[in-house]
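Values below: every heavy atom of this structure, side chains too, minus hydrogens, waters and symmetry copies.
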Amino acid sequence: MEQYELYCLSDRFFYDRPTEGTEHPDFPLCARPVPDGWDHEAGEIWMHYAPRGLALPSQGWKIHVSSCLEDAERTMAAVWEYCVPRGIPFKYLRSEAVLVMMNSKSAFRGSSGKLLTVYPADLSEFELVLKELDELLTGIRGPYILSDLRYAEGPLFVRYGAFAERHCLSDSGERVLAIEDPTGRLVPDTRGPVFATPEWVTLPPFLEPHLTARNAVTANDLAYTIENVIQFSNGGGVYLGRNRETQTLVVLKEGRPLAGLDVDGRDAVTRMHHERAILERLAGLDVVPALEDYFVLGEHHFLVQEFIDSNPLQRLVVMRYPLTRPDPSPAVLQEYADWALGMLGKVTRAIQCLHDRGVVFGDLHPDNILIDADEHPVLIDFEVATLAEQQARSALAHPGYVPPPDRQGIEADRYALACLALGLFAPQTTMLVPLHPGKARHLAELITEAFPVPKATIDEAVATITGPAGADDAFPAELPVPGRASWPEVRAAITRAIVAAATPERDDRLFPGDISQFQPGGGVGLAHGAAGVLYALNRTGAGRFPEYDDWLRKHAVDPAIRPGLYDGLHGVAYVLDDLGYRQDALDALERGLAAPLPAPELGMHSGLAGIGLNLLHFAGEPGLRTAATRVIDQVADRLGRVDDVPETSGEANPRAGLMFGSSGPALLFLRAYERSGDTGLLDLAATALRQDLRRCSRDDSGMLQVNQGWRTLPYFEEGSAGIALVLDRYLRHRPDEELAEALTALRRVTRCGYFVQPGLFMGRAGLIAAAVDSGGPTDDLVRGLAWHALPYADGLAFPGNQLLRLSMDLATGSAGILLALGAALHEQPVALPFLGHPSAAGSPSPTSVWKEV
């Protein structure tokens, strides 16, 4: 979530570049004139400087400089004044807000801590720069950069990696930064939490003493053995250990110096000292783990506490929550309500025990509440706890439980308890309250409709959340919420919000959406850019907007746009054609064909399957039928057998599903079959679908979902709903009893009542589209959009991925929800490109070959 939080710095309602607005000003160094003869590129995170015309290698050894907040400006000035006279390229983080976010507790721990990067031209310059900067930066303090090797004892760290930005696909099919191996092949430029060099790179001899010094710090002489990792954060790890002498299990909590900053700028070690003092104050309470020990190893601090054999409350909610199961009975709903209210009462009493000792917890959320086998709660993680008399604000709270600035001291805990009261019945939705405070009361209404809970209990929680000013931000009763208002009213309300959010004066994006739109060219494409929004508005009859069409036509020529369907030029070409701009579409298509094909990637979102589908769509144009055939052949050649894919999706494995898995190629083969009648294409589609089904697992309610090892996914993008859409199309051409049974199990998820996110690709809207495709009922799914509905600018809007901000894009936001509602409610058929039903089931006749379906 840390990248999303970075894009929350500039705007209250939408994800935006950290550089937009003036609330978080740049470092003063950013205002320095660019040196004569130098080029400068201002990015949203980094400020880049390089001598004009300098030809650096594309990869090599680079130097990272870390710094604490207090030393940051001095460090940046020193590196500038060293590098500029010597003609050495460098970059630095552009603001203190970005530095804090990149070194926060939730930041990516592998590469966190960097303030500057210096790019030596060769090994001799590399050694010299390290030696001279080490002397120049004496006394500078900075966090350890875990992906790197520390040089001496100062703030300099080194690693071998990319200088130029190049990309390749990881084993899981994700587009990642790349370096070149000795054969010329691009491979991932791995930035893990442990220093390592590519296997073909030799460590320079002058760095060997520094590696030896690093390896000299071990845990061999500790009084504890480490048995397992419980979790990692940028502030340090939490480990399950065992006391060597007593053999009792303990929990060791690690604090890294100067890392894991909170909003007050405190690092993990400072908070750990504080946590130790709080636990000593709370000693003897059975709702707090006992403090066992405290020690320092290699500058890292470790707090040792009692091991509680338990589960986090969050895990129990996920396991028990009935609305994520098909058709829960009234008895099941009552059982869950009784359990949740019992948990709420026990946690409330536990918090009162802290208050009786004069302590405010300050970080209450379900992951910080452990529940043992007797359903007794134990509170953990007291890093930001305060004394009640201090009347302090929360410094490091979960986004769904963080109180507004006017709640301090004990009132902050009471606010979090009230959020828990709602969150137990509507998980994660309290994250919407900062977007509109009146949402708390709306959630209360939905909770009491769905669960047999006392209205007084929920109303009391709402009153605590909204506070005295609650009536000023009431949720508008007249808001046209799906399932309660008519389709034309809902469509008009969503359209009003989309239009109100439009920024045609900007070049990077037309409609605010997911943070992916800030990738090069991302604000133009189908998934997160203008093309997707305009497609949804047009297909659902919401209207045409010539000013926005002109924006898309103008920005479709951006050379940074990738070639893919959902992230690039092929999707833009499809939408331009759909809007009636045939020549613009063909021009965009020509640029897409001129770009290098994403050879390693087969998927529909960015890879060959999506490109092939679009080429089939334009196959009547000269040369495009041949181009489509060539792509189909490439996908067929590289598909492999059913058992060539692992049984889990994601992490280090290739992903399953419609957008990134094998269902995209299956759809390509099916569309080609519908044009050609070649049954060999049906064979290929069957293989591809079985590859995705191999990565699905069935739960005890009979639902078949994509298995990621640690969770299962029902969604459109990477889950069962997307697979079901393509499998249904296959079965219309070739009945198969086994696959038909799998389709029934895939579709069971559309009978669930709750989804954490509302969006099309990874939320409820995708399930609506899947239910429409199956011919099943959609009323309950449509009404369920009320969980996430929010007012915006006299219209209706929805939050994007992570629920931290609103989104208007197709993949994650309001445009995608509009399209899904159109599929269910519009008088004309509505679907994503290439996903509408074939015009007739069965094999096509010879006259239908290569005609539009």
Side-chain angles (χ1 to χ4, degrees), residues 4 7-8 10-16 20-21 399-400 404 428-443 445-446 466 469-470 472-506 509-515 517 523 528-530 532-534 536-537 540 542-543 545 548 757-760 763-765 782 784-822:
Y4 280 88
Y7 287 85
C8 291
S10 299
D11 192 286
R12 176 187 168 190
F13 292 108
F14 300 109
Y15 296 119
D16 209 341
E20 292 294 324
Q428 305 297 325
T429 50
T430 53
M431 295 172 71
L432 306 181
V433 173
L435 296 172
H436 191 282
K439 186 63 181 179
R441 188 162 301 282
H442 187 226
L443 289 173
E445 296 171 3
L446 297 172
T466 58
D472 298 335
D473 292 301
F475 196 82
E478 69 279 5
L479 188 69
V481 175
R484 291 158 173 80
S486 69
W487 161 236
E489 290 174 313
V490 171
R491 177 178 60 191
I494 295 176
T495 302
R496 287 195 300 272
I498 291 173
V499 170
T503 56
E505 71 280 1
R506 290 177 60 158
R509 66 114 197 267
L510 175 56
F511 302 103
D514 188 72
I515 67 173
Q517 68 181 197
H528 303 295
V533 178
L534 296 179
L537 292 169
T540 59
F545 302 86
Y548 303 155
Q757 298 185 147
L760 181 61
R764 177 183 292 271
V782 168
L785 284 168
W787 289 109
H788 296 92
L790 288 164
Y792 178 76
D794 193 35
L796 172 65
F798 293 87
N801 283 358
Q802 305 296 329
L803 307 183
L804 295 169
R805 293 293 187 268
L806 300 177
S807 170
M808 300 299 170
D809 71 26
L810 182 74
T812 72
S814 301
I817 291 164
L818 178 67
L819 192 78
L821 288 171

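Put simply, the side chain of Lys439 gets close to the backbone of Trp787: a donor and an acceptor are under 3.5 Å apart. A side-chain donor-acceptor contact under 3.5 Å links Thr430 to the backbone of Gly400. No side-chain donor-acceptor contact under 3.5 Å links Thr503 to the backbone of Pro512. A donor-acceptor contact shorter than 3.5 Å links the side chain of Asp809 to the backbone of Gly813. Using a distance-only test at 3.5 Å, with no hydrogens or angles considered, no donor-acceptor pair links the side chain of Gln757 to the main chain of Thr812.
Remark: Gln802 CD to Met431 CE distance equals 6.5 Å, nearest 0.5 Å. Of the inter-residue distances, the one linking Leu803 atom CG with Thr429 atom OG1 reads 8.5 Å to the nearest 0.5 angstrom. In this structure, the separation between CD on Gln428 and NE2 on His788 is 9.0 Å, given to the nearest 0.5 Å. Within the model, atoms CG of Leu537 and CZ of Phe511 stand 6.5 Å from one another, a figure rounded to the nearest 0.5 Å. Here Tyr7 contributes atom OH and Arg805 contributes atom CZ; the two are 14.0 Å apart, rounded to the nearest 0.5 Å. For the atom pair CZ (Arg491) and CG (Leu796), the distance works out to 13.5 Å, reported to the nearest 0.5 Å.
Of all non-hydrogen atoms in Ala536 and Leu818, the two that sit nearest each other are O-CD2, 4.1 Å. Closest approach of Ala474 and His436 over heavy atoms only: O-CE1, 3.5 Å. Closest approach of Glu489 to Pro480, counting heavy atoms only: O-CB, 3.9 Å. The minimum heavy-atom distance linking Asp16 with Ser10 is given by the pair CB-CB, 4.4 Å. Residues Ala765 and Ala820 come closest through the heavy atom pair O-CB, 3.3 Å. In this structure, Cys8 and Leu804 approach most closely via the heavy-atom pair SG-CB, 3.9 Å.
In this structure, the side chains of Trp487 and Leu821 come closer than 4.5 Å at one or more pairs of heavy atoms. The closest side-chain heavy-atom distance from Leu435 to Tyr792 is not below 4.5 Å. No side-chain heavy atom of Gln517 sits under 4.5 Å from any side-chain heavy atom of Ser807. You'll find the side chain of Leu510 stays beyond 4.5 Å of the side chain of Val533, heavy atoms only. Side-chain contact between Phe14 and Met808: present, with at least one pair of heavy atoms (C-beta onward) separated by less than 4.5 Å. Annotation: side chain of Pro799 is in contact with side chain of Leu432 (closest heavy-atom distance under 4.5 Å). Counting only heavy atoms from C-beta outward, the side chains of Thr495 and Phe545 approach each other to under 4.5 Å. Annotation: side chain of Phe798 is in contact with side chain of Ile494 (closest heavy-atom distance under 4.5 Å).
Taking the six-membered ring for Trp and thresholds of 30 and 60 degrees, His442 and Phe475 have nearly parallel ring planes, at less than 30 degrees apart.
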